[in-house]
Amino acid sequence: MEKIKMTTPLVEMDGDEMTRVIWKMIKDILLLPYLDLKTEYYDLGLVHRNETDDQVTVDSAYATKKYGVAVKCATITPNAARMTEYQLKEMWKSPNGTIRAILDGTVFRKPIIVKGIEPYVSNWKKPITIARHAYGDIYKNTELTVPAGATAELLITKADGSQERALIHEFKDAGIVQGVHNLDSSIRSFARACFNFALDQKEDIWFATKDTISKKYDHRFKDIFAEIYETEYQSKFEKAGIEYFYTLIDDAVARVIRSEGGFIWACKNYDGDVMSDMVATAFGSLGMMTSVLVSPEGTYEYEAAHGTVTRHYYKYLKGEITSTNSIATLFAWTGALRKRGELDGNTPLCSFADKLEQAAIQTIEDGIMTGDLYRLSTLPNKRSVDTETFLKEIALHLDALL
């Protein structure tokens, strides 16, 4: 068959370790044979990020603003051990955090549901989408170690030169201190993105913080959400028959566990990081979670919600067979290709993305899956296959659909 044409490139952000290996396999087995693939390539692997002083990450984010759609492989956020392993110049920040700050977007993460993978929470019948604020909090923090006998204060110097101080703590013993911040403009973008997404999906949206404890910081989120909902969205929600609901984060957890799913749960940055992993795992696997960053200007960056699968990568380097779940990475590609097709009016590209997703789900539901899903699946006739074989089996199903 003739390859499907693309008129506008995607921004392609390569990554690290086993997901980098899978990235190439997906392109070679499931994309390049069918597509005249056009991408603007950025290597966000830790080695190249270190070589460029992480400028490549910034460049990839601005390229995403230019072209409107990006697809990103999982990347390493280094810790002290990685500093030594990769001989890094410094402990570079999370590339996801850098990109999210530049795009000022909201991350929406949703589990992929397949037959035979039953949620650990038995009453969950529908997917739960996590909407994660993508700016501030500990991802943009400033932190220091504090010696015994020191005093830590919060100091605000205003535009007119006046100052406002607040005592944080008088340290009788050595300790640590951290400063976090957020922006009203970013919170407003977050709120509007959540409300727009809820209207698009025709699903209720829940928002949760801890405003009873954080009476300035978290309460600011609550107030801004309430203001924007009441002045801009309430009538639209009532017309659509959906609801906006605010609660405390601990109460939200209890409500989520008792629910049947089918709603959007909006969280602050760190809360969303944690809860999206919880939801993904409870639905079956981190390897079965879609993730898209949406900016207020309508820019989209698709990625897998999981990490770089380090343990499998070390096995791969030893020449051992791996059985690594590639579904989330594959759905990052299909999401980006579909959105590129929608923006360009390229119906064949959208159709290809739909059929590739259908082929992937059919493969699993036919009982062919990677080891992580094999251990979870309740299908009677199932078999576990290695990383590459799984992708080749998807290709066979795709050929039948095409």
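These numbers come from the heavy atoms of this one structure, side chains and all, not from hydrogens, waters or symmetry mates.
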Euclidean distance, F190 CZ relative to F221 CZ, rounded to 0.5 Å:
7.0 Å
Return the orientation label for the F195 and F237 ring planes: parallel under 30°, perpendicular over 60°, tilted otherwise.
perpendicular
Look only at the side chain of T334 and the backbone of F331, and say whether a donor-acceptor pair between them is shorter than 3.5 Å.
yes
Closer than 3.5 angstrom, by distance alone: can the side chain of T387 be matched with the main-chain N or O of T322 as a donor-acceptor pair?
yes
If you measure only the distance, is there a donor-acceptor pair under 3.5 Å linking the side chains of Y86 and D16?
no
Is the closest side-chain donor-acceptor distance between E40 and Y67 under 3.5 Å?
yes
When every non-hydrogen atom of W265 is compared with those of V253, the smallest separation belongs to CH2-CG2, 4.1 Å
Donor-acceptor pair, D271 side chain versus C267 backbone, under 3.5 Å?
no
Apply the test ring-ring contact (aromatic ring centres under 6.0 Å, His included) to residues F207 and H133: give CA-CA distance (whole Å), side-chain angles for both, the deciding distance (0.1 Å), then the verdict.
CA-CA 11 Å; F207 180 47; H133 190 211; 9.0 Å; no
Distance-only, no hydrogens or angles: does the R20 side chain make a donor-acceptor pair with backbone N or O of G15 under 3.5 Å?
yes
F225 vs T209 side-chain heavy atoms within contact, under 4.5 Å
no
When rounded to the nearest 0.5 Å, the distance separating CD1 of I205 from OG1 of T129 is 9.5 Å
Are any of the side-chain nitrogens in E388 or K392 under 4.0 Å away from the carboxylate oxygens of its partner?
yes
Any donor-acceptor pair under 3.5 Å linking the side chain of N141 with the backbone of I138?
yes
Pairing of K93 and D54 as salt bridge, 4.0 angstrom limit
no
Between R255 and E260, does any side-chain N to carboxylate O distance fall below 4.0 Å?
no
Could you check, using the six-membered ring where one of them is a Trp, whether Y42 and H48 have ring centers closer than 6.0 angstrom?
no
At their closest point, which heavy atom of W206 faces which heavy atom of S259, and how far apart are they?
CH2-CB, 4.3 Å
Does K236 make a cation-pi contact with Y233 (under 6.0 Å, within 45 degrees of the axis)?
yes
Between R383 and E393, does at least one N-O distance fall below 4.0 Å, as a salt bridge requires?
yes
When you measure from the side chain of D211 to the backbone N and O of D218, does any donor-acceptor pair fall under 3.5 Å?
no
Should the pair R132 and Y139 be classed as cation-pi, given the thresholds of under 6.0 Å to the six-membered ring centre and 45° from the axis?
yes
Is R188 salt-bridged to E227, cutoff N-O under 4.0 Å?
yes
Specify whether F171 and H169 have parallel, tilted or perpendicular ring planes, treating 30° as the upper limit for parallel and 60° as the lower limit for perpendicular.
perpendicular
Among I364, I113, D372, I117, which residue meets the side-chain contact (heavy atoms from CB on, under 4.5 Å) test with M288?
I364
Closest non-hydrogen atom pair, D14 against T75
O-CG2, 4.1 Å
Within the distance-only criterion (no hydrogens, no angle test), does the side chain of K89 pair as donor or acceptor with the backbone N or O of N50 below 3.5 angstrom?
yes
How far apart are the closest heavy atoms of T39 and W333, and which atoms are they?
CG2-CH2, 4.3 Å
For V385, does its backbone N or O pair with a side-chain atom of T389 as donor and acceptor, under 3.5 Å?
no
Does E12 come within less than 4.0 Å of K27, counting only side-chain N to carboxylate O?
yes
Inter-residue atom distance E357.CD - L398.CG, 0.5 Å rounding:
11.5 Å
